[in-house]
Amino acid sequence: PYSHNIFIDGLCKQKRFSEAICCFQELRARKELQLCTVTFNTIMSGLCNTGYVDVAKLFVGMMLKYGLVPDRFSYASLAHGLSVAGRTEEALELCEDMEMAGIEPDVVTYNILINGFRILGLMDCVWRLVREMILKGLEPDLVTYTILITGHCESGSVDVGMRIRKEMLVRGFQLNIVTYSVLLNALSKQGRLGDVNQMLDEMKTAGLDMDIVAYSTLIYGYCKLGEIDKALQVCNMMRSKIVPPN
RNA sequence: CCACUUUAGAGACCAU
């Protein structure tokens, strides 16, 4: 029953928007299949992830004409598009509109905005939002923490990043491969081989599988650390495994 | 271990 949405999503994810929109128009012309909010969300999300936020916004007007109301997915897609474009203030306003429309911000909403301010390097705004979400009874999740670590590592304080990692462990969070990749990247850029090895030990203990980004990060990191033989070793290890492409 | 849509990580390439 959702095959048309799945199809449009596939086209969007391959950035084949003209075909996606063709398909969309065809659905629009054929009355028996109803366009629904998900159909619009799929297109908008695809556009937003490709930098066409303003085009995506046009679809909001269109969906309203169809009597469809944007849901939290619609708002999240747009807010994300704005955030990664460095337009986090606009994203913030959009989320306020969402709240006015009766949709409460959730962890994803906050993560999007927090990441937006992280991209702008505004860590004070980042923390302001973290405090705000906690006050609203929302718990920062693994994604939130990863953004925080990324932000601090980027702004030069890998130690703060490591402290947040410790905080996560204390609070019972299992770091995942993304979080470790962030740390590996920052630590090797800082020349902290000892810490890199400690993280690798932790990952092994936790039974985490390396993925393609982690491998690439580690190979690059070892090269930066001057450990070319280690880098080659990782290359060979990677070759002997099946690593899903991204 | 999964079936319609939203959030976090690397490098390379290209452009500037």
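Chain letters run A, B, ... following the sequence lines, proteins first and then strands; every chain starts at 1. Reckoned from all heavy atoms, side chains included, excluding hydrogens, waters and symmetry mates.
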Separation of B/rU6 atom C1' from A/Arg72 atom CZ, nearest Å, is 10 Å
Which of A/Val107, A/Thr88, A/Val130, A/Thr109 passes side chain to side chain contact (heavy atoms under 4.5 Å, CB included) with A/Ile114? It is A/Val130
Distance col, row A/Glu19:CD vs A/Gln14:CD, nearest 0.5 angstrom, shows 8.5 Å
Whole-Å distance, A/Ile149 CD1 to B/rU7 P, equals 20 Å
Residues 184-213 of chain A vs ring pair (Phe, Tyr, Trp, His ring centres under 6.0 Å), sequence neighbours excluded, gives none
May I ask you to decide if A/Ile212's main-chain N or O and A/Ser216's side chain share a donor-acceptor pair within less than 3.5 Å? no
Protein heavy-atom contacts under 4.0 Å, written 5' to 3' over nucleotides 9-16 of chain B as B (base), S (sugar-phosphate only) or - (none), form the string BBS-----
Base, sugar-phosphate alone, or nothing: which one does A/Asp141 contact when heavy atoms must sit under 4.0 Å apart?
nothing
Taken to the nearest 0.5 Å, the spacing of A/Glu104 CD from A/Glu99 CD works out to 5.0 Å
Please determine, by modelled atom types, if A/Asn111 and A/Asp141 share a side-chain donor-acceptor pair under 3.5 angstrom. yes
So the stems of RNA chain B, runs of at least three Watson-Crick or G-U pairs (under 3.5 Å), are none
Among the nucleotides B/rC4, B/rU7, B/rU6, whichever has the atom closest to the side chain of A/Val38 is B/rC4
| Side-chain donor-acceptor pair under 3.5 Å between A/Tyr145 and A/Glu167, yes or no? | no
OG1 of A/Thr146 to CG of A/Asn176, rounded to nearest 0.5 Å, is 5.5 Å
Whole-Å distance, A/Phe7 CZ to B/rA3 C1', equals 17 Å
A/Phe24 atom CZ is separated from B/rU5 atom C1', nearest whole Å, by 13 Å
Taken to the nearest whole Å, CZ/A/Phe73 to P/B/rU5 is 8 Å
